[in-house]
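Proteins come first, then strands; the chains are lettered A, B, ... in the order of their sequence lines, and each starts at number 1. Here the structure is a predicted model, which is why all the values come from computation and not from measurement.
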Amino acid sequence: MRFSNMFIPTLRESPAEAEAASHILMLRAGYIRQLAAGLYIYLPLAWRVIGRVNRIIKQEMDAIGAQEISMPAIHPAEIWQKTGRWSEVGEEMFRLRDRGQRDMCLGMTHEEIVTWLASAEIRSYRDLPQTWYQIQTKFRDEARPRSGILRTREFLMKDSYSFDKDEQGLEENYKKHAEAYHRIFSRCGLKFYQVESDPGMMGGATAHEFMAPSPAGEDSIALCAKCGYSANTELAVSVARPQPAESKLQGEPQDIETPEKRTVSEVSEFLGMDTSFFIKSLLMIGEKGPFLALVRGDQELHEKKLHRIAGECRPAQKEEIKDIIGVEAGFIGPVGTKLKMIADPSLKDGVYVSGANRPGFHTKGIKPGVHFKAEWHDIHTAKPGDKCPECGSDIKIESAIEIGNIFKLGTKYSRPLKAVYLDENGKEKPIIMGSYGIGPARIAAAAIEQNNDKDGMIWPRSIAPFDVEIIPLGTDNTEVSSVAESFYNDLSSSGLDVLMDDRNVRPGIKFKDADLIGIPWQIVVGDRNLKDGLVEIKSRKTKETQKTAVKEVVEKLRALIAG
RNA sequence: CGGGGCGUAGCGCAGCCUGGUAGCGCGCCUGCUUUGGGAGCAGGAUGCCGGAGGUUCGAAUCCUCUCGCCCCGACCA
């Protein structure tokens, strides 16, 4: 492909609206343009990257016996009503009516549709197992699209679905997918982790996410370097470090004056005690009324964990706290309260200080379990310095981009949609399902996030839009042009994807654009070196150049790319 | 949905507080010179100042409403 024929609208300056590195670079390097919030046009370079990612995905999916199909993006409401998600899902679903006033939606995922197909066509255990996949556009009216193509309202997704006659079959398919995902993300040149994740509304017991570490990521994950424990912090269990040994908290509970000291940090400073000696008491409003959530002073409540235990709930507002407890926030505590309490296990041992439920006072000497009763559930947010629940060593927390997920669905969809089969004994049973997703655009974005420098992108060779870019300097020099042309022909016919910057522009512009768009290898053809029969092969990543004899270029480059 | 920010030339921004001829840099077009890291000189084009109302002799500027985009949070099958 010739640069002059390709639409690559590079920008000298960063557009104001972009913040994430991948977003800035994709705009600047002429990969994408924004149509509206969360809606992007993929320009030729970006679409080539997506194509390469998809090819890798297809190869690995095919290799585990998955079969590619294509399902509609527009769905009748009826099927979604049968699984209950038509009403569960709210505003995130794009809804519309057809000319006959039938309710329809734009598909946000395809469990319903693929299960409908299975219910219609699968009769016998002999038809199982099956795995079907597609790479197709999904629609979600996100509350807040963000970070360029990381979170959009219309996006490509590889989704596959497995159908088995029993749990053991599901287990095998689940494992096959996990292994295929490892190969896919490795081949795409990404650093990634497989972590335990919250099955959430997908249902089912087991789920994992594949996470590409990046500061631009929306998720955070807890990792143990020693034993390999890894989990999304939405469900990561961690053990808080023990309280310091010296404690001033012997004896029975006693109220102490703490005028105008409300927050844990204020009171801990005032009393000269570590924050881990405090109980943070948070008044929550749940569906069945108010209750207290208790975490240790040095910990943070994780609301999502609390939701799983207590159902829908929210922090109480200032006025509500006064009405319900009778004292302002900052002086509330678990002792003497009639409210239901949910306490984090980090509070189980030790003696504590917490609000006294009267203005200006805290109570010291509180022994959880003795001076108050609570339900014990892990509700704190795992943080650096906490200990691994498996092996006790330090865990670290990293931000990450979710690039793939795998769910064991079980019969969540097969039951309501009556996807059943007859087993060997002629008995009707629901099909056991799994669901597995990958976001190709997120792979591309994560690759940029993980591989860039001040000059631009640095693509992993497997998903780069081109393998090599030829940069002839001085197009009016016939020798330069003819050498560049011969490279272009030879490299192309040897099976490489070649971009040639044949524009009649200054060298600086070609160099800057080449670095920006991030093709892994550059061949610089200039009269300076050509006089000695040499050209330069330059690595985008290391910026190292090797002067190479014209005759050896094709062979050498192929070796470099292969290596 | 809550909080914050921003809408002025293709892009990045100034002007707004204190109302009075709409500006700068880059890009774009023409010509000449230039050609190994975003060239130089000369000339040129480009704006419903996001939109609608209002105040005023007069509004990019003040007021009201509205639309859009970004960021933080909530949400995220």
Side-chain angles (χ1 to χ4, degrees), chain A residues 9-20 23-24 27-28 30 33-40 80 83-93 105 107-113 115 138-148 150-153 155 157 159 161 197-204 207 209 216 218-219 232 234 303-304 307 312-315 317 402 405 407 409 412-413 435-437 439 454-456 471-477 480 501 503-516 522 524-531 534-536 538 543 545 547:
Chain A
T10 59
L11 265 25
R12 185 191 285 257
E13 289 172 283
S14 306
E17 67 267 17
E19 206 118 309
H23 190 194
I24 292 170
L27 287 167
R28 275 199 63 202
R33 286 295 182 265
Q34 183 176 30
L35 176 66
L39 298 173
Y40 284 86
W80 286 80
T83 60
R85 289 162 109 189
W86 181 263
S87 48
E88 274 170 35
V89 175
E91 289 183 308
E92 206 171 320
M93 183 186 271
C105 65
M108 31 198 343
T109 178
H110 280 73
E111 279 81 16
E112 275 78 0
I113 309 308
T115 309
K138 308 288 188 237
F139 300 87
R140 295 181 189 176
D141 194 0
E142 292 286 349
R144 181 150 93 85
R146 70 185 94 177
S147 306
L150 274 183
R151 186 166 211 84
T152 53
R153 296 193 291 175
F155 60 98
M157 177 166 148
D159 47 327
Y161 307 90
S197 70
D198 181 3
M201 295 279 284
M202 272 293 221
E209 288 164 337
E218 302 177 278
D219 288 272
N232 193 308
E234 287 174 5
E303 286 195 34
K304 207 158 201 170
H307 288 167
E312 278 304 303
C313 54
R314 60 171 176 83
Q317 289 159 2
E402 182 188 349
N405 53 40
F407 293 93
L409 297 177
K412 181 176 163 76
Y413 298 93
S435 158
Y436 318 87
K454 64 174 174 41
D455 294 314
I471 304 175
L473 300 180
T475 42
D476 45 359
N477 182 316
V480 168
D501 194 345
R503 295 175 298 171
N504 182 22
V505 295
R506 300 177 67 81
I509 294 177
K510 295 192 180 186
F511 289 134
K512 288 288 183 191
D513 278 347
D515 288 349
L516 235 197
Q522 302 170 4
V524 181
V525 185
D527 53 359
R528 225 189 250 175
N529 288 306
L530 212 50
K531 276 184 279 189
L534 300 174
V535 298
E536 288 165 20
K538 182 177 161 193
K543 301 269 173 87
T545 64
K547 290 190 180 174

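As rounded to whole Å, 14 Å separates atom P of B:A77 from atom OH of A:Tyr161. The CZ-C1' distance, from A:Arg153 to B:C75, rounds to 15 Å in whole Å. One interatomic measurement links the two molecules: CD of A:Gln34 to C1' of B:C11, which rounds to 15 Å at whole-angstrom precision. The separation between A:Arg146 atom CZ and B:C69 atom C1' is 15 Å, rounded to whole Å.
A:Lys543 comes within 4.0 angstrom of nothing in the nucleic acid, heavy atoms only. Heavy atoms of A:Arg33 sit nowhere under 4.0 angstrom from any nucleic acid atom. Contact annotation for A:Ala36: backbone-only contact, meaning every heavy-atom pair under 4.0 Å involves sugar-phosphate atoms and none involves a base. Contacts of A:Glu303 with the nucleic acid, taken as non-hydrogen atoms under 4.0 Å apart, are absent. Using a 4.0 Å heavy-atom criterion, one finds that A:His307 contacts the sugar-phosphate atoms exclusively. Nucleic acid contact class of A:Glu234 (heavy atoms, under 4.0 Å, all strands): none.
Between A:Arg12 and the phosphate of B:C26, there is no side-chain N or O to OP1/OP2 separation shorter than 4.0 Å.
Atom name C1', nucleotides B:G19 and B:G58: the rounded distance is 8 Å, in whole Å.
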